[in-house]
Amino acid sequence: MIRRSGSCAPGCTRSTRRSSGRSWPSSPGRRRRSRSGARSAPTPSTRISSSRTTGPVSRWGTSRPSWKARSIRSSRPTFCPESRRRMDDNDLIRRRHAKLANLRARGLDPFGSRYPVTHWAGRLAGQLAGATEEELRGVGPVSVAGRVLTLRHHGKTCFATLKDYTGTIQLYARADQLGDEYGLFTELDAGDFLGVTGELFRTRTGELTIGVKSWSFLTKALRPLPEKWHGLKDVETRYRQRYLDLVVNPAARQVFQVRSSLVGAMREFLDARGFLEVETPMMQPIPGGAAARPFVTHHNALDLDLYLRVAPELYLKRLVVGGLDRVYEINRNFRNEGISTQHNPEFTMLEFYQAYADYGDLMELTEALVCHLAQTIPGSLTLTYQGESIDLTPPWRRVKFHEAISRELGVPVAPETDPWELILGPARGRVTQVDPAGTKAKHWKALFEALVEPTLVQPTFVVEFPIGLSPLSKRNKDNAGLADRFELFVARLEIANAYTELNDPEEQLARFKQQAIERERGDDEAERLDRDFVRALEFGMPPTAGEGIGVDRLVMLFADQPSVRDVILFPHLRPESTSEGGVAPLPNLPPGDCAGEAGARKRPEKT
RNA sequence: GAGCCGUUAGCUCAGUAGGUAGAGCACCUGCCUUUUAAGCAGGGGGUCGGUGGUUCGAUCCCACCACGGCUCACCA
C-alpha cells in the first residue's frame, strides 16, 4: 500500500506509521464532523447539479489570446520570461487553460474542495461482480471521486472512465439527466478530477457503471496525460516524472505496492522475534561499517563536516553493547559511487543484530525471513526473475568462498593459495581490471566476482570469506585467514551480507589500524578508525551476529524488475537542463539577461 | 570515468541515398442516448535534443555539448 503523503515523516516511529494509513478511507460521515460543525452539508462550492442554471457562456469563456505573438522566441532555449512561456506554448495546454478560465467565468472553482466519498471506484467492481440489476439498485446512490482517464462522447450521452486509488469505474452522463450541466461535463478533459454521485447499473456489455446524477469539478488538469493505449514508455520521463508513470502505468504502482508490502512483512517478521526497531544517525562524524566512499555535508552551527552514513553498523552494535540484544533498522544508506542498474547513490538497507547468535543462526533466520516474505507477498516459494525460475525452498545451497572459486577454475584453491598466482594462471583472461598492487583480499574479491557471482542464480550462501575483506567480522576459530561471514546471492544479485561480529576491542583496534594503513596506500574505501566504537567494545559486547539485507534488490527480485531504478520512486538522474520543469533559473541575474544563461547552465568543472 | 546505442507532434513510433516531415492515439469542428482502443466526416498541431561546421540547401553528413539506456569500472 502506498501511504498517504504527509501522513508520516521518514523518521517517524513504526507504531505511528502503522496507525496511519491503514484505515483509509475514512467514512464521509465521520469526516463531516471534523473541526467546523458547519460542514455537514456535503455540498462543496463547485457542486454541479442539474437544477443549477447559468447564463449562456461561450464555449471557451474568454477570448483567445494572441498565441502567434506569444510564440516569438529567441533562437536558443533560455530561462527568460519569454522562453519560459514555451512550456505553455502548446495547443493542448492552451485549450485547457481556456477551459480553466471558462470554469472560473461560470463561478466554479477549478481546484475545488472536499468531496464526500462513499465508495472506492475499483473496489465496487470486485464487490459487485455477480450482483443482479436489482441488487445494484439496492446499493443506492454511490459517491466516488477520482481522475478522468478517458471520455467517449455519444452526442447526448457521454461515457467516462474514473480512476481512484483502487482502480477504475465507468461513468455514464446523459443530457436528459444533467440538463444544462451536461455541456460542462462534455468539456471535461482526460486528467481532470471530479466527484460523482449516482446509481449503479450494468451496460449492455455488462460493465458496472455509475449513472451520473450530480457531480463536482474537483481539479482541472492543465497538461495532457500520456496516451491511454501505449502508456508512458520513455524511461527518462518515467523516472523524472514518476507521477505520470504512476497515473498511466498500473504495473509501476504494483511495484511500489510490492515494495511497501515487503518492508511491512519484514517488520512483522522481526517484531515477532523480539527485535526492536531503532533509528541511528544518518549524519555521522566518522562514516563506518562498509567499504564505501561517503558523501560529505557541513553543519554550520558546529562548523563541522559530517558524512552521510554508508552503513548504520557501528551504531547498531553500540546499541547491543547497551543491552538492546535484538535491534534492526530499515533506512537509507548513502554511497558516493557510480550509478548502475544495481546501484543508486541512496539505497535502503535492513540491518539487524542478534546477541548470543552466530552467522550460522543468521543463515537460518535469513531463510525463514525470505520465505516469510515470499509466502506473504507473492504467496509462493517459486519466483520468476527476468525469465529464470528461482526456487526459494530451504535449505539453500551453502558453498565456501574458496571452494566456489576452485569449482570454477577446476584447480584446488585454499585460503593459503596466492590469489595473484590464480589470476595469472588458471584464471588468466577471466579477471579484468584488477590492481596488481592491491591486497590479497582484493585479489580474492576480484576472482570471486569474475568467476563465481555470475553463476549464483538459485539462492546460495557463500561462507567463510577472507578475513582481509571483513574488517569488522570475527575470525574463524580453525583458520585465522577466514572470517565467520556469509553473503547471500539470488539471481546473481547480492542480497545479504552477514557475519559473526568481532567483539574483541583489541583486535578491532588492530584491524582499524590495518585499514588505516590501506587508506594511506590510497584505498579511500578502507574503514576509518572509530575510537568511540572501540571504547564501546571495551565495555563489552556480547557475542553477536549481524546482517544487512539490500531492500531494493529484494524488491527487484520479488517484483521481477531488472533495474534498481524501477523499484526506487525517484532514482537519481542528472538534473534536467531544459527550460521546462528542469533546474531553476540561476539567481542574481539581471532581469531579462538571457545572454549568460547558456554558459551559466553548464555543469561546473570537475575538480 | 570509458565504449556502444538513442533523442522526430502531448504520447507511442515511422521516415528522409541532403530539397525543412508522416501514422495511430490524443486535440479541434460537425453528427451520434448503453460505448469501451466507440464510430463516421472534416481539420489543426513539429524551428526533427542544443550549438557550430560542410553545402546553393542539413532533421539527415561532420564536430562539440546536454540528457537517457545498455555494457564496463567502483560498490550493496
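Note that the structure is a prediction, hence the values are computed from the model and not measured.
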| query | Between Phe448(A) and Phe489(A), does the ring centre distance come in under 6.0 Å? | reply | yes

| query | Quick one: are the ring centres of Phe401(A) and Phe465(A) less than 6.0 Å apart? | reply | yes

Do [X] and [Y] pair up side chain to side chain, a donor and an acceptor below 3.5 Å, judged on atom types alone?
{"X": "Glu547(A)", "Y": "Thr366(A)", "answer": "yes"}
{"X": "Glu187(A)", "Y": "Asn102(A)", "answer": "yes"}
{"X": "Ser470(A)", "Y": "Arg485(A)", "answer": "yes"}

Among [options], which nucleotide has an atom closest to any side-chain atom of [X]?
{"X": "Glu525(A)", "options": "C74(B), U34(B), C67(B)", "result": "C74(B)"}
{"X": "Tyr172(A)", "options": "A76(B), C11(B), U33(B)", "result": "U33(B)"}
{"X": "Leu92(A)", "options": "G69(B), A37(B), C27(B)", "result": "C27(B)"}
{"X": "Asp91(A)", "options": "C27(B), U12(B), A38(B)", "result": "C27(B)"}
{"X": "Gln170(A)", "options": "C28(B), U35(B), C13(B)", "result": "U35(B)"}

Separation between the [atom1] atoms of [N] and [M], rounded to whole Å:
{"N": "C27(B)", "M": "A9(B)", "atom1": "C1'", "result": "11 Å"}
{"N": "C25(B)", "M": "G39(B)", "atom1": "C1'", "result": "15 Å"}
{"N": "A63(B)", "M": "U71(B)", "atom1": "C1'", "result": "25 Å"}
{"N": "C61(B)", "M": "A26(B)", "atom1": "P", "result": "34 Å"}
{"N": "C65(B)", "M": "G19(B)", "atom1": "P", "result": "28 Å"}
{"N": "C74(B)", "M": "A2(B)", "atom1": "C1'", "result": "13 Å"}
{"N": "G43(B)", "M": "C48(B)", "atom1": "C1'", "result": "23 Å"}

If only side-chain N and O atoms of [X] are considered, is one of them under 4.0 Å from the OP1 or OP2 phosphate oxygen of [N]?
{"X": "Lys228(A)", "N": "A26(B)", "result": "yes"}
{"X": "Arg574(A)", "N": "G68(B)", "result": "yes"}
{"X": "Arg152(A)", "N": "A38(B)", "result": "yes"}
{"X": "Arg309(A)", "N": "A76(B)", "result": "no"}

| request: Map every base of RNA chain B to its dot-bracket character, where paired means a Watson-Crick or G-U wobble contact with both distances under 3.5 Å and | marks a partner outside the strand. | output: (((((((..((((.....[..)))).(((((.......))))).....(((((..]....))))))))))))....

| field | Any donor-acceptor N/O pair under 3.5 Å between U34(B) base and Thr157(A) side chain | value | no

